[in-house]
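Lettering of chains follows the sequences in order, A, B, ..., and the numbering in each one begins at 1. Only this structure's heavy atoms are used, side chains among them; waters, hydrogens and symmetry mates stay out.
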2 protein chains.
Amino acid sequence: MTSTVQFEHFDALCKEAGITPTHQRLVIWQTLTEMHDHPSPEDVYRRVKSELPTVSLATVYKNIHLFVDTGLFREVSMFHGTLRIETNSEPHHHLVCRKCKAILDLDADDLSGFPLPQHLPEGFVAEQLSIDVLGLCATCRQGKP
Amino acid sequence: MTSTVQFEHFDALCKEAGITPTHQRLVIWQTLTEMHDHPSPEDVYRRVKSELPTVSLATVYKNIHLFVDTGLFREVSMFHGTLRIETNSEPHHHLVCRKCKAILDLDADDLSGFPLPQHLPEGFVAEQLSIDVLGLCATCRQGKP
DNA sequence: TTCAACGACGATAATAATTATCGTTCGAGA
DNA sequence: TCTCGAACGATAATTATTATCGTCGTTGAA
Ligand SMILES: [Mn+2]
Ligand SMILES: [Mn+2]
Ligand SMILES: [Zn+2]
Ligand SMILES: [Zn+2]
């Protein structure tokens with residue numbers, strides 16, 4: 001259930017983000033904060049629908065994007081919309097623009113000496129580190145006065 | 001053009017990976033090694049088709065997956081097939097299984113004290129680091145005798 | 001209070017990306 | 001040369017995402 005304090009918190013977040021706090025948005029935000037994993041839009045839709053049976057999948061998509069764009073939530077492992085293949089065999093990492101999703105190679109030395117972590121849970125075998133530096137590329141930085 | 005030495009190299013790679021070296025695979029592999037960015041399957045298809053007009057998009061997909069599965073190439077920013085939303089607001093990183101794509105949270109302290117890189121090209125403004133530790137989860141490690 | 005304006009919503013069509021199916025072809029080995 | 005299974009190409013099917021558009025609800029001037 002939605003408490004008054006939660007609603008006020010969401011209201012403040014929306015004001016800060018410059019978006020209007022609607023009922024649907026509150027429920028979607030609420031649902032996301034109650035999950036503690038990495039749901040897909042479809043996952044979120046299912047949950048929201050159980051609370052708000054008339055909600056549309058499109059609304060869930062629209063608002064997830066809105067939340068991500070305004071910084072209320074993030075996405076896991078930068079989603080490019082399609083599989084992208086690495087053709088640079090040199091060890092390196094990436095610079096990824098959070099707006100246009102441009103991918104630039106980043107020399108490994110600029111992020112060197114990073115050891116594989118030691119205390120891995122549940123029998124996971126680490127093989128490789130994938131480091132993305134997220135931010136804004138020069139072009140996307142322009143178009144925001 | 002494909003030189004003999006390249007063909008032999010590819011042949012050796014296939015033997016090592018346990019896959020049969022076909023003509024289509026050679027051309028796809030060749031095309032990938034000649035690109036130096038992060039193409040989508042569609043991008044690769046377009047190029048391959050110009051060399052091998054009868055090739056099918058399905059074949060390109062099948063072989064890209066084969067190459068990735070056998071380690072000849074990697075994918076950029078682990079592709080989960082759909083957008084995934086981060087609902088854990090604590091700063092942390094991820095353990096990602098390269099086979100089943102399971103995502104596990106990894107405490108930030110296990111990968112702590114990593115500074116944002118300094119020498120960024122082309123006016124890129126870094127905001128945040130996204131670190132994925134890639135490997136095999138316990139379950140996927142079993143199913144491989 | 002009334003009522004235009006506008007943003008957000010829901011339904012649904014359209015598009016994009018990926019995968020599955022299936023009949024045919026190719027090539028290594030008997 | 002012949003056989004058999006793997007790989008291929010054509011294409012249908014599925015999945016994921018986005019666009020369109022008519023409607024609804026709220027706001028804020030008159
Ligand atoms: Mn790269
Ligand atoms: Mn997480
Ligand atoms: Zn950009
Ligand atoms: Zn796994």
Figure out the [atom1]/[atom2] separation between [X] and [N], and round it to whole Å.
X: B:His23; N: C:dG27; atom1: NE2; atom2: P; value: 10 Å
X: B:Arg25; N: C:dT25; atom1: CZ; atom2: P; value: 19 Å
X: A:Leu52; N: C:dA8; atom1: CG; atom2: C1'; value: 13 Å
X: B:Leu26; N: C:dG27; atom1: CG; atom2: C1'; value: 16 Å
X: A:His65; N: C:dC9; atom1: NE2; atom2: P; value: 15 Å

Close approaches to DNA chain D from residues 38-49 of chain A, in residue order (heavy atom, under 4.0 Å): A:Pro41
Report yes if the distance between the aromatic ring centroids of B:Phe79 and A:Phe79 is under 6.0 Å, otherwise no. yes
Taking the six-membered ring for Trp, are B:His80 and A:His38 ring centroids under 6.0 Å apart?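 No: the rings miss the under 6.0 Å criterion.
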Using a 4.0 Å cut-off to any heavy atom of chain A, which nucleotides of DNA chain D are the first and last in contact, reading 5' to 3'?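 First-to-last contact on DNA chain D, by the 4.0 Å heavy-atom rule, is D:dA16 to D:dA19.
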Nearest-nucleotide 5' precedence on DNA chain D, B:Leu57 against A:Leu57: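 Looking at the nearest nucleotide for each, B:Leu57 comes out on the 5' side.
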By nearest-nucleotide position on DNA chain D, the 5'-leaning member of A:Lys62 and B:Lys62 is B:Lys62
Let me spell it out: for each of A:Thr22 and B:Ala58, pick the nucleotide of DNA chain C with the closest heavy atom. Which residue's pick is nearer the 5' end? A:Thr22
Between [X] and [N], is there a side-chain N or O to OP1/OP2 distance below 4.0 Å?
X: A:Thr59; N: C:dG10; answer: yes
X: A:Thr82; N: C:dA16; answer: no
X: A:Gln24; N: C:dG10; answer: yes

[X] side chain vs [Y] backbone, donor-acceptor pair below 3.5 Å:
X: B:Arg25; Y: B:Thr20; value: yes
X: B:Arg141; Y: A:Phe124; value: no
X: B:Thr59; Y: B:Val55; value: no
X: B:Lys99; Y: B:Leu136; value: no

From CA spacing to verdict: side chain to side chain donor-acceptor pair (under 3.5 Å), A:His92, A:Asp105: CA-CA 7 Å; A:His92 65 282; A:Asp105 284 350; 3.1 Å; yes
Return the CZ to CD distance between A:Arg47 and A:Glu42, rounded to the nearest 0.5 Å.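 CD of A:Glu42 is found 14.0 Å from CZ of A:Arg47.
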With the side chain counted from C-beta on, respond yes when A:Arg46 and A:Asp43 share a heavy-atom pair under 4.5 Å apart, and no when they do not.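 The answer is yes, as the side chains (C-beta and beyond) meet within the 4.5 Å cut-off.
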